[in-house]
Amino acid sequence: MSDLGKIKHLYARAGFGLNVDDLATFQKASLTHATEQLFKSSTTAQPLMLVTENLSFKMASADKTDTLTRKMFMKQQREQEKDLNIAWLNQMSTTPAQLREKMTLFWHNHFACRSQNPYYAQQLNNIQRSNALGNFKTLLMEVSQSPAMLQFLNNQQNKKGHPNENFARELMELFTIGRGNYTEQDIKESARSFTGWGFNNKGEFVTREQQHDEGTKTFMGQAGAFKGEDIINMLLQNKKTATFICTKLYRYLVNDVPDSRHVSAMADVFYNSNYEITPLLKFVFAADWFYAPVNTGNLIKSPIDLIVGLNRQFYINYNNPDVMMQFQRALGQVLFYPPNVAGWPGGKSWIDSSSLMTRLKIPSTVLNNGIIDFHGKADPEDEALLATMPNRKQQTQTPAQTTPDWNKFLNDIPKGTTKDQVASVILAAPIDNSIKAVIAQSSNIRSMVVELVSTPEYQLC
């Protein structure tokens with residue numbers, strides 16, 4: 001594979017794909033230079049600052065008999081939820097910090113959390129963004145102490161004498177060492193260690209000492225008057241945590257079927273660097289196996305990858321941003337609304353009978369401002385989100401109301417670029433005979449592009 005081919009693969013996995021104007025930048029660049037640029041452009045985290053007040057705090061302080069005021073606060077919260085979703089989608093679609101946002105999306109799913117409080121959801125999202133390329137221990141600790149997660153996993157109710165095991169269980173099963181590497185007794189003792197962890201009405205983490213169980217706990221063969229921080233430290237001392245995280249990251253960046261040798265090598269780097277994320281990613285992106293044919297053009301794009309990739313490649317403007325929400329619902333991935341605490345399973349689960357045709361139609365519909373039929377994976381639990389679309393049952397056919405900037409797209413193509421080269425940027429998968437036929441039959445680049453985004457190959461990265 002040429003360096004340009006490797007760079008294209010790198011940006012498809014570590015970001016949201018190359019644009020045609022990237023051809024001028026990377027056509028003669030080395031893979032090393034492109035990798036350095038990828039990290040350099042993601043040095044700074046740009047937090048989302050859309051939600052500026054905690055409406056739940058205001059609602060809790062309001063007169064409980066004042067139903068009109070409470071309904072107003074609830075309506076404002078629903079609007080904030082939608083606006084926060086669109087704000088993050090727009091940030092992913094325009095930021096030069098592709099790697100940071102791609103990893104924020106990974107941690108968003110790893111630490112899957114639903115919060116009906118947009119202020120807390122934004123806070124958690126910014127924690128994941130600021131630590132996305134930093135240290136996993138810091139990230140884990142800050143996530144564990146965030147109001148969104150403490151509320152979602154019921155640790156606010158975890159008190160001395162009445163321990164709640166939800167957070168302790170998911171901390172081990174989903175966030176660190178994985179199922180099968182702990183006992184039910186470990187969960188019970190861990191839950192006791194986290195008693196008293198909570199947050200106040202201002203959305204600040206607090207340790208409620210009077211609710212903490214100060215007794216001796218026995219956790220994974222060690223005994224002591226452990227607190228929550230001690231449990232997290234012990235979980236990180238267990239190398240199975242590094243292996244568990246690296247297995248998930250391998251599936252996200254490399255292949256749905258983990259290679260135990262590659263995962264083991266990743267875990268060594270991760271564990272020996274004290275859980276620093278950037279050295280781990282640099283190791284992966286420098287590995288020969290990352291660019292092997294078996295690992296290229298083989299992953300199904302998540303719905304967010306598909307939407308963001310389109311937005312970035314064709315500079316799409318949405319006259320009605322609510323359409324982006326409908327895209328997410330139809331394809332089965334709504335930001336801030338994972339299906340459960342385990343998150344979106346990914347892989348082949350993105351494709352089923354309810355979403356396949358929609359996935360194939362959306363790209364060309366967006367580029368041609370057509371009509372899209374919205375059927376798909378509605379989430380019956382997502383009442384807050386559904387409430388923002390009161391006419392959802394009647395409005396299954398919706399105009400895309402999109403404006404791609406075709407002039408910018410065509411003008412950004414470097415002079416002398418062939419249609420084959422443009423196609424190779426649009427598609428992450430190798431150019432086979434069926435794609436060559438599309439290229440040969442197209443009368444111009446614009447018509448060719450519309451045909452290419454309508455192919456199954458465009459669903460891969």
Side-chain angles (χ1 to χ4, degrees), residues 3 6-18 25-26 29-48 88 91-92 95-111 124-144 146 175-176 232-233 235-255 258-259 262-291 295 299 305 308 461:
D3 263 12
K6 291 180 179 179
I7 292 168
K8 183 184 76 168
H9 175 65
L10 172 66
Y11 274 73
R13 298 296 174 83
F16 302 101
L18 292 180
T25 305
F26 293 127
S30 67
L31 176 62
T32 300
H33 172 73
T35 306
E36 289 173 351
Q37 289 298 111
L38 182 68
F39 282 93
K40 185 178 179 180
S41 64
S42 292
T43 301
T44 304
Q46 182 64 45
L48 293 180
W88 187 19
Q91 179 150 310
M92 284 189 278
T95 181
Q98 288 194 62
L99 176 59
R100 183 172 292 277
E101 293 300 327
K102 189 68 175 271
M103 287 303 296
T104 303
L105 189 60
F106 173 77
W107 298 122
H108 180 67
N109 193 40
H110 179 73
F111 296 109
L124 177 58
N125 185 250
N126 284 330
I127 287 171
Q128 292 162 349
R129 179 174 293 102
S130 63
N131 295 289
L133 303 176
N135 185 272
F136 177 72
K137 177 181 177 180
T138 304
L139 171 62
L140 177 61
M141 193 71 74
E142 290 189 17
V143 167
S144 299
S146 69
F175 300 165
T176 54
I232 287 175
N233 286 332
L235 289 170
L236 292 174
Q237 288 166 9
N238 190 328
K239 195 176 178 181
K240 290 178 181 177
T241 292
T243 302
F244 181 75
I245 302 300
C246 288
T247 300
K248 290 187 72 172
L249 194 59
Y250 190 92
R251 288 194 174 106
Y252 187 69
L253 294 174
V254 186
N255 199 305
D259 184 306
H262 302 158
V263 171
S264 178
M266 290 169 63
D268 286 342
V269 172
F270 200 33
Y271 189 77
N272 293 334
S273 69
N274 296 315
Y275 291 93
E276 289 292 334
I277 299 165
T278 291
L280 171 62
L281 294 177
K282 287 184 175 180
F283 171 77
V284 172
F285 300 153
D288 289 341
W289 45 260
F290 180 69
Y291 303 96
N295 294 328
L299 293 182
D305 280 312
V308 171
C461 67

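Remember, it's a predicted structure, so these values are computed and weren't measured experimentally.
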Test side-chain hydrogen bond (donor to acceptor under 3.5 Å, both in side chains) applied to K239 - qualifying residues, sequence neighbours left out:
D268

Look up atom [atom1] in [X] and atom [atom2] in [Y], then write down how far apart they are to the nearest 0.5 Å.
| X | Y | atom1 | atom2 | result |
| --- | --- | --- | --- | --- |
| S30 | E36 | OG | CD | 7.0 Å |
| H33 | K40 | NE2 | NZ | 8.5 Å |
| E142 | K137 | CD | NZ | 12.5 Å |
| T35 | L99 | OG1 | CG | 10.0 Å |
| S42 | E101 | OG | CD | 8.0 Å |
| F175 | L140 | CZ | CG | 8.5 Å |

For [X] versus [Y], what's the shortest heavy-atom pair and its separation?
| X | Y | result |
| --- | --- | --- |
| S146 | L124 | OG-CD1, 3.7 Å |
| A132 | R100 | CB-O, 3.9 Å |
| P258 | T247 | CG-CG2, 3.9 Å |
| S41 | P96 | OG-O, 3.1 Å |
| A97 | T44 | CB-O, 4.4 Å |
| A34 | Y11 | O-OH, 3.3 Å |

Taking the side chain as every heavy atom from C-beta outward, state whether [X] and [Y] have any atom pair closer than 4.5 Å.
| X | Y | result |
| --- | --- | --- |
| R13 | F285 | no |
| L48 | R129 | yes |
| D305 | F16 | yes |
| F290 | L10 | yes |
| F136 | L280 | no |
| I277 | N135 | no |
| I232 | L236 | yes |
| S264 | T243 | no |

Is the ring pair [X]/[Y] parallel, tilted or perpendicular, if the boundaries are 30 and 60 degrees?
| X | Y | result |
| --- | --- | --- |
| Y271 | Y275 | perpendicular |
| F244 | H110 | tilted |
| W88 | H108 | perpendicular |

If you take the centroid of each ring, where Trp contributes its six-membered ring, are W107 and Y252 closer together than 6.0 Å?
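Judged by ring-centre distance (under 6.0 Å), Y252 and W107 do not meet the cut-off.
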
Given side chain to side chain contact (heavy atoms under 4.5 Å, CB included), test N295 with D259 step by step and report yes or no.
CA-CA 11 Å; N295 294 328; D259 184 306; over 6 Å; no

Indicate yes or no for a side-chain donor-acceptor contact from T278 to the backbone of L133 under 3.5 Å, with no hydrogens or angles considered.
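Indeed, once roles are kept as given, a pair shorter than 3.5 Å links the two residues.
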
Is the closest side-chain donor-acceptor distance between N255 and R251 under 3.5 Å?
no

Hydrogens and angles aside, do H262 and Y250 bring a side-chain donor and acceptor to less than 3.5 Å of each other?
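Checked: H262/Y250 side chains pair up, N/O donor to acceptor below 3.5 Å.
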
Apply side chain to side chain contact (heavy atoms under 4.5 Å, CB included) to residues L281 and L249 and explain how you reach the verdict.
CA-CA 9 Å; L281 294 177; L249 194 59; 3.9 Å; yes

Trace of the side chain to side chain donor-acceptor pair (under 3.5 Å) decision for Q91 with Q46
CA-CA 9 Å; Q91 179 150 310; Q46 182 64 45; 5.7 Å; no

Using the six-membered ring of F26, assess whether NZ or CZ of K6 lies under 6.0 Å from its centre and within 45 degrees of the ring axis.
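No, K6 does not lie over the aromatic ring of F26.
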
Results of salt bridge (Lys or Arg N to Asp or Glu O under 4.0 Å) for K8 - residues two or more places apart only:
none

Just one of N126, T104, L139, V143 clears the side-chain contact (heavy atoms from CB on, under 4.5 Å) bar with N131, so which one?
L139

